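Values reported hereafter were calculated over all heavy atoms of this structure, with side chains retained and with hydrogens, waters and symmetry mates removed. As the structure is a prediction and not an experimental result, all values here were calculated from the model. Counting starts at 1 for both ligands and their atoms, following the listed order.
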Amino acid sequence: MYRLVYMSTPRHPLPREELNAILAAATKNNNRNGITGILIQDQKRFLQYLEGDEARVEETFARISMDKRHHAIFRLKSGAIIRRQFPGWSMASKTVDHGSGLTSAVGELVKGCDRDLAEELLSFAAARDRAT
Ligand SMILES: Cc1cc2nc3c(=O)[nH]c(=O)nc-3n(C[C@H](O)[C@H](O)[C@H](O)COP(=O)(O)O)c2cc1C
């Protein structure tokens with residue numbers, strides 16, 4: 001099992017319909033590819049966590065990286081993990097309300113995760129919140 005975490009910047013504030021279209025494509029493709037994960041969004045950033053077979057995750061990330069709806073894509077972390085963390089989610093998503101940080105949104109989504117992974121995702125979110 002392999003995971004990849006990245007952050008990116010939306011090209012422009014995404015209307016709800018556009019986000020729904022992204023999630024629909026993600027759900028369809030990720031189901032087919034055995035990929036699960038989470039996508040968190042505030043007005044300025046995406047934070048996405050993908051997990052599954054290494055080749056499938058890398059191929060999905062390569063496709064996502066070409067997507068014109070976001071830019072400034074940077075990989076925060078990738079590598080082997082012991083078990084799947086989000087078995088029930090082909091792509092769970094959370095939009096952060098105006099004014100509240102990524103950290104609380106991540107906190108809600110990582111409740112069932114292994115502790116080290118939850119801490120890793122929370123630390124990315126906290127760093128981002130501090131930078132805002
Ligand atoms: C922030 C963001 C996250 C995305 N996440 C996924 C994803 O998890 N899986 C996926 O297949 N596509 C994802 N996409 C969409 C891909 O970039 C691409 O549009 C899509 O995979 C094309 O699918 P299609 O050929 O079936 O239309 C994401 C796009 C953005 C902007």
Side-chain angles (χ1 to χ4, degrees):
M1 191 58 44
Y2 181 86
R3 63 96 167 69
L4 185 154
V5 190
Y6 75 87
M7 239 183 225
S8 66
T9 306
R11 281 252 177 238
H12 47 79
L14 288 185
R16 186 74 226 173
E17 312 81 73
E18 186 119 41
L19 187 64
N20 288 343
I22 290 173
L23 289 172
T27 303
K28 177 181 60 114
N29 295 330
N30 295 354
N31 266 330
R32 192 183 61 229
N33 293 323
I35 288 174
T36 50
I38 59 177
L39 174 64
I40 295 157
Q41 193 220 10
D42 65 8
Q43 295 306 308
K44 295 183 182 137
R45 288 298 170 95
F46 289 112
L47 175 64
Q48 189 171 29
Y49 168 97
L50 299 159
E51 65 186 0
D53 170 72
E54 175 171 354
R56 297 267 189 241
V57 169
E58 287 291 349
E59 155 197 309
T60 298
F61 181 58
R63 200 169 59 243
I64 294 171
S65 299
M66 309 273 288
D67 197 310
K68 296 278 185 294
R69 290 170 287 198
H70 61 170
H71 66 128
I73 296 151
F74 65 98
R75 184 190 293 238
L76 294 164
K77 189 116 184 181
S78 54
I81 49 168
I82 295 192
R83 67 175 185 102
R84 198 181 278 277
Q85 301 286 321
F86 299 98
W89 291 105
S90 54
M91 193 44 61
S93 97
K94 176 106 187 114
T95 300
V96 175
D97 302 330
H98 216 62
S100 62
L102 283 181
T103 312
S104 60
V106 172
E108 272 177 48
L109 289 171
V110 299
K111 275 180 186 144
C113 282
D114 290 346
R115 214 174 116 194
D116 51 348
L117 190 103
E119 280 170 6
E120 176 181 294
L121 289 172
L122 282 166
S123 77
F124 293 143
R128 157 73 194 146
D129 283 340
R130 277 196 302 276
T132 321

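- Under 4.0 Å from ligand 1, not a single heavy atom of M66 appears.
- Just one of E59, E58, E54 meets the side-chain contact (heavy atoms from CB on, under 4.5 Å) condition when paired with R56; it is E59.
- Here K44 contributes atom NZ and S8 contributes atom OG; the two are 15.0 Å apart, rounded to the nearest 0.5 Å.
- The side chain of Y6, and not its backbone, has at least one atom closer than 4.0 Å to an atom of ligand 1 (non-hydrogen atoms only; side chain from C-beta on).
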Below 3.5 Å, can you tabulate the donor-acceptor pairs from side chains in residues 85-92 to any protein atom, sequence neighbours excluded?
| residue | atom | partner | partner atom | Å |
| --- | --- | --- | --- | --- |
| Q85 | OE1 | D114 | N | 2.7 |
| Q85 | NE2 | R83 | O | 3.4 |
| Q85 | NE2 | D114 | OD2 | 3.0 |

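- Residue K28 approaches ligand 1 through these ligand atoms, each under 4.0 Å from one of its heavy atoms: 26 (O).
- Cluster annotation: L23 and I38 are assigned to distinct hydrophobic clusters (Ile/Leu/Val/Met/Phe/Trp/Tyr, side-chain heavy-atom contacts under 4.5 Å, transitive).
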(message) Under the criterion side-chain hydrogen bond (donor to acceptor under 3.5 Å, both in side chains), I'd like the reasoning laid out for S78 against R3: C-alpha separation, chi angles, the key distance, then a yes or no.
(response) CA-CA 5 Å; S78 54; R3 63 96 167 69; over 6 Å; no
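- Within the 3.5 Å criterion, the main-chain N or O of H71 finds no donor-acceptor partner in the side chain of R11.
- Taking only non-hydrogen atoms, the option from R63, H70, R69 nearest to atom 21 (O) of ligand 1 is R63.
- For ligand 1, the atoms lying closer than 4.0 Å to a non-hydrogen atom of M91 are 8 (O).
- Closest heavy-atom approach to atom 13 (C) of ligand 1 among the candidates I64, D67, T36: I64.
- Across Q48, R56, K68, heavy-atom proximity to atom 5 (N) of ligand 1 is greatest for Q48.
- Note on ring orientation: taking the six-membered ring where Trp is involved, the planes of F46 and H70 are perpendicular (angle over 60°, cut-offs 30° and 60°).
- Not one N or O on the side chain of D42 forms a donor-acceptor pair closer than 3.5 Å with the backbone of V96.
- Distances below 4.0 Å separate heavy atoms of F46 from the following atoms of ligand 1: 1 (C).
- Heavy atoms of T60 found under 4.0 angstrom from ligand 1 belong exclusively to the side chain.
- The nearest heavy-atom contact from the protein to atom 7 (C) of ligand 1 is A26 CB, 3.4 Å.
- In terms of protein heavy-atom proximity, atom 31 (C) of ligand 1 is closest to I22 CD1, 3.7 Å.
- Within a 4.0 Å radius of atom 25 (O) of ligand 1, the protein has no heavy atom.
- Remark: side-chain polar atoms of N30 are not paired, donor with acceptor, to backbone N or O of T36 under 3.5 angstrom.
- Looking from atom 23 (O) of ligand 1 to the surrounding protein, the closest heavy atom is N29 ND2, 3.1 Å.
- The aromatic ring centroids of Y6 and F61 lie less than 6.0 Å from each other.
- In this structure, of I38, N30, L14, the residue bringing a heavy atom nearest to atom 9 (N) of ligand 1 is N30.
- Annotation for ligand 1: atoms under 4.0 Å from non-hydrogen atoms of L50 are 8 (O).
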